[in-house]
Amino acid sequence: MEKLLISGCLLGYNCKYNGKNNYNPLVEELKRKYELVVICPEAEGGLTTPRNPSEIRGDKVFSNQGVDVTKEFLKGAEIAFNRCKERGCTKALLKEGSPSCGSSKIYDGSFTGVKIPGEGMTVRLLRKLNIEIYSENEIEKLL
């Protein structure tokens with residue numbers, strides 16, 4: 001069975017910055033086609049749940065309190081990268097807009113809710129491994 005890296009929040013894990021999740025019922029259909037390999041790069045990188053929201057500015061990630069959390073985001077990205085290599089994942093379904101998992105849009109770093117074209121830290125690294133990245137808006141493509 002093909003392996004798919006997936007954001008834990010999409011499966012209902014309460015690992016979002018606010019302690020909640022982004023459960024998407026369509027992921028249940030994916031379980032029939034893929035072995036799901038769960039990741040939350042932010043939590044696995046050492047950030048707590050809940051945590052202050054973070055946004056990318058350039059090549060750094062800052063919390064809304066001005067704390068540089070780049071190190072934790074990079075550690076989580078590396079864990080995701082290594083998990084893909086170890087488990088043989090060639091595709092990933094990740095949460096759009098996230099500073100880790102966003103694949104086409106991220107928040108602009110101003111904490112005003114403005115989204116801009118861009119990629120999260122984990123997506124940037126996974127693309128170097130040639131992992132096919134999908135957002136929750138593209139689940140149908142995986143089915």
Could you tell me which non-hydrogen atom of [X] sits nearest to which non-hydrogen atom of [Y], and how far apart they are?
X	Y	value
Gly45	Lys75	O-CD, 3.6 Å
Phe111	Phe62	CZ-O, 3.3 Å
Gly102	Val123	O-CG2, 3.3 Å
Val69	Ser54	CG2-OG, 3.6 Å
Ala43	Thr49	CB-OG1, 4.4 Å
Val38	Glu44	O-OE2, 4.2 Å

If we ignore hydrogens and angles and just use 3.5 Å, is the side chain of Glu55 paired with the main-chain N or O of Ser110 as donor and acceptor? yes
Q. Taking Glu138 for the side chain and Ser135 for the main chain, is one N or O donor matched with an acceptor at less than 3.5 Å?
A. yes
Residues passing the side-chain hydrogen bond (donor to acceptor under 3.5 Å, both in side chains) test with Arg57, sequence neighbours excluded, are none
side-chain hydrogen bond (donor to acceptor under 3.5 Å, both in side chains) filter on Tyr17, not counting sequence neighbours, yields none
- Item | Distance-only donor-acceptor check, side chains Glu96 and Ser103, under 3.5 Å | yes
Distance-only polar pair, side chains of Ser7 and Glu136, donor-acceptor under 3.5 Å: no
Assess whether atom [atom1] of [X] is packed by more than 12 heavy atoms of other residues, nucleotides or ligands within 6.0 Å.
X	atom1	answer
Glu78	CD	no
Lys33	NZ	yes
Tyr13	OH	no

Side-chain heavy atoms nearer than 4.5 Å, only ILVMFWY residues, links allowed to pass through others: does that put [X] and [Y] together?
X	Y	answer
Val61	Ile106	yes
Leu30	Val37	no
Leu143	Met1	no
Ile79	Leu36	no

Are any non-hydrogen side-chain atoms of [X] and [Y] less than 4.5 angstrom apart?
X	Y	value
Ile6	Leu11	yes
Ser98	Glu42	yes
Asn52	Val67	no
Leu4	Leu93	yes
Leu26	Glu140	yes
Leu129	Phe81	yes
Thr48	Glu72	no
Tyr34	Lys91	yes

[X] [atom1] to [Y] [atom2] distance, which is reported to the nearest 0.5 Å:
X	Y	atom1	atom2	value
Thr70	Ile56	OG1	CD1	9.0 Å
Lys95	Asn24	NZ	CG	9.0 Å
Asn21	Asn14	CG	CG	5.0 Å
Phe73	Thr122	CZ	OG1	8.0 Å
Arg32	Glu29	CZ	CD	5.5 Å
Ser100	Leu125	OG	CG	11.0 Å

Q) Salt bridge between Asp68 and Lys60, side-chain N to carboxylate O under 4.0 Å? A) yes
Taking NZ, NE, NH1 and NH2 as the nitrogens, is one of them in Glu35 or Arg87 under 4.0 Å from a carboxylate oxygen of the other? yes
Checking salt bridge (charged side-chain N to carboxylate O under 4.0 Å, His left out) for the pair Arg83/Glu86: CA distance, chi angles, key distance, verdict?
CA-CA 5 Å; Arg83 192 161 298 160; Glu86 291 164 4; 5.8 Å; no
Contacts of Ala92 meeting side chain to side chain contact (heavy atoms under 4.5 Å, CB included) (sequence neighbours excluded), chain-then-number -> Leu5, Leu94, Leu126, Ile131, Ile133
